[in-house]
Number of protein chains: 2
Amino acid sequence: MAKVIIIEDDVEIRRLVAEGLADKGYDVDSAASAMEGLEMLVSVRPEVVVLDLGLPDLDGGELLRMVRSISDVPVIVATARDDEDSVVAMLDVGADDYVVKPFSVAQLEARIRAVLRRVGREGHRAPIEVGGLRIDTAAREATLDGEPLDLTPKEFDLLRLLAERAGEVVSKREILAEVWREPYGGSERTVDVHLSWLRKKLGETAQRPRYLHTVHGVGVKLVAPR
Amino acid sequence: MAKVIIIEDDVEIRRLVAEGLADKGYDVDSAASAMEGLEMLVSVRPEVVVLDLGLPDLDGGELLRMVRSISDVPVIVATARDDEDSVVAMLDVGADDYVVKPFSVAQLEARIRAVLRRVGREGHRAPIEVGGLRIDTAAREATLDGEPLDLTPKEFDLLRLLAERAGEVVSKREILAEVWREPYGGSERTVDVHLSWLRKKLGETAQRPRYLHTVHGVGVKLVAPR
DNA sequence: CCCGGTCTTAAGGAGTTCTTGACGTTCCCT
DNA sequence: AGGGAACGTCAAGAACTCCTTAAGACCGGG
């Protein structure tokens, strides 16, 4: 399973987390200091880093920047109490997610899995094509019959999800889980609204669909127009 | 048999349900709090979760969202009294079914079985074919001799159920349980009406059946016409 | 600090789908 | 053949889902 490294100075927490994750099948290494963590990063090449803020030898933000300079590995920050400011700062510098101490191992694992899922999916693949639609996930660009579509982030994610599963009906709940993953969903109405906007940009209406077909009571599916 | 976890703070109910289900052959674990439940979710990896609303440490909706962020495991919500609003909210956030307290173990087990049957079927991604009928469950499309059938949700579910068990007589009560998710209530007349509509769309009548044959006093079966 | 773009939420209205009850027909059993 | 139960169909209203618009919240940049 996935390789994880924990950078955390508190012996107790380190051991707890390391063992907890190991029990769940992760391949875990841990470092007690920033320096040790950096060395481990290059030697172990983990798929996820769990980084404690408040290390004795180096400021967390500084360390995160250094990590980012050598790798794109996802970093989950563990912060003591609900320190909003530092969390925001961390996300700003490139952290992927965070947990607030005290956290359960289960909670941490949930974040790890979410992060892995996310990056796993973003492995740049060939652009998706459905009819005259072309979705370039790497460039984050979409075109319709060669014309570029000006999509907002959510619209793009929504379109990509539906295109990845072209021909398959996707429920709104599923869409919420996939596209709106932070911080745990919203209402299905929101999906409706974004779908409506997407339709407008695709030059179609719900009554006269070309790509986006709603399946009453179930969800939507994207199909190539005939 | 299937692994189930119960998340319920009331000791009495927890014990009752856990023992009741264990008697029926389920592999049951129980948690007394939301946090414990989450940990159990990742450690035990149950096939079904029974979740009590009104836990002391976390709002049910919040917990359900967290569960959903980790896994797609079916969740059956147990709600005190007939709290319509919270039930609707739960289903909206991704609950699969619910029971209203006080509920019997038998009742709960019926729901569990229905849910398991349902998800077990999701694996069947391959379209079903019976004679000139073709039912694509992923795309939620049905065709007859290549011509698309315009079916309502219930009609589609009904046709799929019968097609999955082609040649076998299915009772209306069973249909109600599967398609209408009402193991107890529900009028069989409703099934008749939908069957009638289905027949019309299949281009046949009850008197001159091609696919849908009623077996008087027993139920209906779907067979390929000869 | 304001501004533009984006997202969420609320609400109305339109359209579809479901349920119900009635009534006629068919089937089975005696 | 007759009676009763099960079944088939119709029509109408209830219930539900969906679409769209508009208004405000939020966020980052100028």
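No hydrogens, no waters, no symmetry mates; every other heavy atom, side chains included, goes into these values. Lettering of chains follows the sequences in order, A, B, ..., and the numbering in each one begins at 1. None of these values were measured; they are calculated from a predicted model.
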Inter-residue atom distance A:Ile135.CD1 - A:Leu159.CG, 0.5 Å rounding: 4.0 Å
The single option from B:Leu38, B:Leu55, B:Leu53, B:Val75 passing side chain to side chain contact (heavy atoms under 4.5 Å, CB included) against B:Ile7: B:Leu55
Partners meeting side-chain contact (heavy atoms from CB on, under 4.5 Å) with B:Ser196 (sequence neighbours left out): none
Residues in side-chain hydrogen bond (donor to acceptor under 3.5 Å, both in side chains) contact with B:Arg134, at least two apart in sequence or another chain: B:Glu129
side-chain N/O A:His194 vs C:dT8 OP1/OP2, d < 4.0 Å: yes
B:Arg173 atom CZ, over 12 foreign heavy atoms within 6.0 Å: yes
Residues from residues 211-226 of chain B lying under 4.0 Å of DNA chain D - heavy atoms: B:Thr214, B:His216, B:Gly217
Axis deviation across the helix from C:dC1-D:dG30 to C:dT30-D:dA1, five-pair ends, to the nearest 10°: 30°
Interatomic distance, A:Glu188 CD vs D:dC19 C1' [rounded to whole Å]: 14 Å
Show every donor-acceptor pair shorter than 3.5 Å between a side-chain atom in residues 107-114 of chain B and any protein atom, with sequence neighbours excluded, or say none if there are none.
{"from": "B:Glu109", "atom 1": "OE2", "to": "B:Tyr26", "atom 2": "OH", "distance (Å)": "3.4"}
{"from": "B:Arg111", "atom 1": "NH1", "to": "B:Asp97", "atom 2": "OD1", "distance (Å)": "3.2"}
{"from": "B:Arg111", "atom 1": "NH1", "to": "B:Tyr98", "atom 2": "O", "distance (Å)": "2.8"}

Whole angstrom value for the distance that separates P of C:dG24 from CD of B:Gln207: 16 Å
Whole angstrom value for the distance that separates P of C:dC18 from CG of B:Leu176: 14 Å
B:Asp192 side chain, from C-beta outward: closest of D:dT9, C:dC7, D:dC19: D:dT9
Within-4.5 Å side-chain heavy-atom neighbours: B:Val191 and B:Val220: no
Ring pair (Phe, Tyr, Trp, His ring centres under 6.0 Å) partners of residues 199-226 of chain A, not counting sequence neighbours, each pair once: none
Look for any protein N or O under 3.5 Å of an N or O in nucleotides 25-30 of chain D and output each such pair with its distance, or none.
none

Residues that B:Arg199 engages under salt bridge (Lys or Arg N to Asp or Glu O under 4.0 Å), provided they are two or more places apart: none
So which protein nitrogen or oxygen atoms get under 3.5 Å of nucleotides 10-14 of chain D's nitrogens or oxygens?
{"from": "D:dC10", "atom 1": "OP2", "to": "B:Lys200", "atom 2": "NZ", "distance (Å)": "3.3"}

B:Lys172 side chain near D:dA6 phosphate (N/O to OP1/OP2, under 4.0 Å): no
B:Glu155 CD to C:dT19 C1', straight-line distance once rounded to whole Å: 14 Å
Separation of atom CG in B:Leu198 from atom P in C:dC18, rounded to whole Å: 12 Å
Salt bridge (Lys or Arg N to Asp or Glu O under 4.0 Å) partners for B:Asp192, two or more places apart: B:Lys172, B:Arg189
Integer-rounded Å distance: D:dC18 P and A:Arg173 CZ: 12 Å
Pair up each side-chain donor or acceptor in residues 138-152 of chain B with any protein partner under 3.5 Å, not counting sequence neighbours, and list the distances.
{"from": "B:Arg140", "atom 1": "NH2", "to": "B:Asp157", "atom 2": "OD1", "distance (Å)": "2.4"}
{"from": "B:Glu141", "atom 1": "OE2", "to": "A:Lys221", "atom 2": "NZ", "distance (Å)": "2.9"}
{"from": "B:Thr152", "atom 1": "OG1", "to": "B:Glu155", "atom 2": "N", "distance (Å)": "3.4"}

Partner residues of B:Glu204 under the salt bridge (Lys or Arg N to Asp or Glu O under 4.0 Å) criterion, sequence neighbours left out: none
Validation row: B:His194, B:Val179 side chains within 4.5 angstrom (heavy atoms): no
d(CH2, A:Trp180; C1', C:dT6) in whole Å: 12 Å
Residue pair A:Leu222 / A:Leu133, side-chain heavy-atom distance below 4.5 Å: yes
Rounded distance (Å) that lies between atom P of C:dC18 and atom CD1 of B:Ile175: 15 Å
Touch class at under 4.0 angstrom, heavy-atom based, for A:Arg199 against every strand present: sugar-phosphate
